[in-house]
2 protein chains.
Amino acid sequence: MKLSTKGRYGLKAMVDLATEYDSDGKLSIAQLSERQGISYSYLEQLIALLKKAHLVSASRGAAGGYRLSRPPEQITVGEVLKALEGSTALVECVDTCGTDCDNVCSCAARPLWLKLQQRIDSVLESTTIRDMANDYITQKERNPK
Amino acid sequence: MKLSTKGRYGLKAMVDLATEYDSDGKLSIAQLSERQGISYSYLEQLIALLKKAHLVSASRGAAGGYRLSRPPEQITVGEVLKALEGSTALVECVDTCGTDCDNVCSCAARPLWLKLQQRIDSVLESTTIRDMANDYITQKERNPK
DNA sequence: CTAATCCCTATCAATATGGTATGATTTACT
DNA sequence: AGTAAATCATACCATATTGATAGGGATTAG
């Protein structure tokens, strides 16, 4: 029940990009990886996932970089995690009902999974990257360095 | 962000045991594995985890088996999952604050993790094995076989 | 005594994770 | 035109986890 670094690193990168959105700035992978202490090549792969999901757009070539393809208040954490991790489902059977599991209908745990998933999704879908960026900025002001 | 079969199988076994609790019955690993279609040896290891956490108690020897060591309404899903998976934390930094991560205090994602974890735990701690067993039974009545 | 059961540990294949490396392509700038 | 900076696309790899199998010992009801 762990969230992998894929989700964590990628989300942090998105928040970082969100702080740059209003000033119309771009961030390169080099900048992002430096600001967050993440390996360049690894981050490259994560950004590729975000790009495939149309959450960021790239400008290639020298002086290129990435920026959010939508305003940060229109990007939910759920979307980001889904792009990075494939799905936010705790258990497969909650989204793809009964493909691989043959006793879904008589599963003792299914009601719990559904309830749990519902609560998780409600948080993920109601929180935007803008919210996180705001939290981040006020946090930084209180505790610089 | 997946829950492994460890947690799923183990939890289902606990619910199975809960249905037997009132009639003071025991269930052997052979019975449990048969009723749920899980490998005997694998289930054995999961039950060992539950035993170590004092959630079930065993009687050894012929005609032995397992039963819950407490009434099912006093066992929360959270306890069970913690015993099986080690922790229910989505991200390490939410319980062991700042042991491995050196920028906890300036992490853009931390407020989100805390909020998310809070919601998850509230479900896990307020749901008992008894609740799940009840759900299971009524579900079975509606849809026998 | 014996069969049934818990108990314990070693092993293993498959997959996911987290990361490195390398080279090709595109493009701004001089 | 040339070059440096950047994205893009793969291939590779070490390690850990997962999900299981196997085998044998210890305990106990009948």
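A, B, ... follow the sequence lines: proteins, then strands. Residue 1 opens every chain. Quick note: numbers below take in every heavy atom, side chains included, and nothing from hydrogens, waters or symmetry partners. These numbers come from a predicted model, not from an experiment.
B/Met1 has its CE atom 13 Å from the P atom of C/dT17, to the nearest Å. Taking atom NZ of A/Lys2 as the reference point, atom P of D/dT18 lies 10 Å away to the nearest angstrom. One atom, CD1 of B/Ile29, and another, P of D/dT21, lie 14 Å apart when rounded to the nearest Å. Between A/Gln31 atom CD and D/dT7 atom C1' there is a gap of 14 Å when expressed in whole angstrom units.
With C/dT5, C/dG19, D/dT21 as the choices, the nucleotide that has an atom nearest any side-chain atom of A/Tyr9 turns out to be C/dG19.
Distances shown here put a side-chain N or O of A/Thr5 below 4.0 Å from the OP1 or OP2 atom of C/dG18. Between C/dT20 and A/Ser39, a contact under 4.0 Å exists linking OP1 or OP2 to a side-chain N or O.
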Are any protein N/O atoms closer than 3.5 Å to N/O atoms in nucleotides 1-3 of chain C? If there are, list each pair with its distance.
none

Under-3.5 Å N/O pairs linking protein and nucleotides 14-16 of chain D:
none

Distances for protein N or O near nucleotides 8-10 of chain D N or O, under 3.5 Å:
unit_1: D/dC8; atom_1: OP1; unit_2: A/Lys51; atom_2: NZ; d: 2.8
unit_1: D/dC8; atom_1: OP2; unit_2: A/Tyr66; atom_2: OH; d: 2.9
unit_1: D/dC8; atom_1: N4; unit_2: A/Glu44; atom_2: OE2; d: 2.6

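Note on residues 66-83 of chain B: pairs passing salt bridge (charged side-chain N to carboxylate O under 4.0 Å, His left out), not counting sequence neighbours, are B/Asp24-B/Arg67, B/Arg70-B/Glu79, B/Glu73-B/Arg130. Pairs passing the salt bridge (charged side-chain N to carboxylate O under 4.0 Å, His left out) check and including a residue from residues 40-55 of chain B, sequence neighbours excluded, do not occur.
Residues passing the side chain to side chain contact (heavy atoms under 4.5 Å, CB included) test with A/Ser122 are B/Arg119, sequence neighbours excluded.
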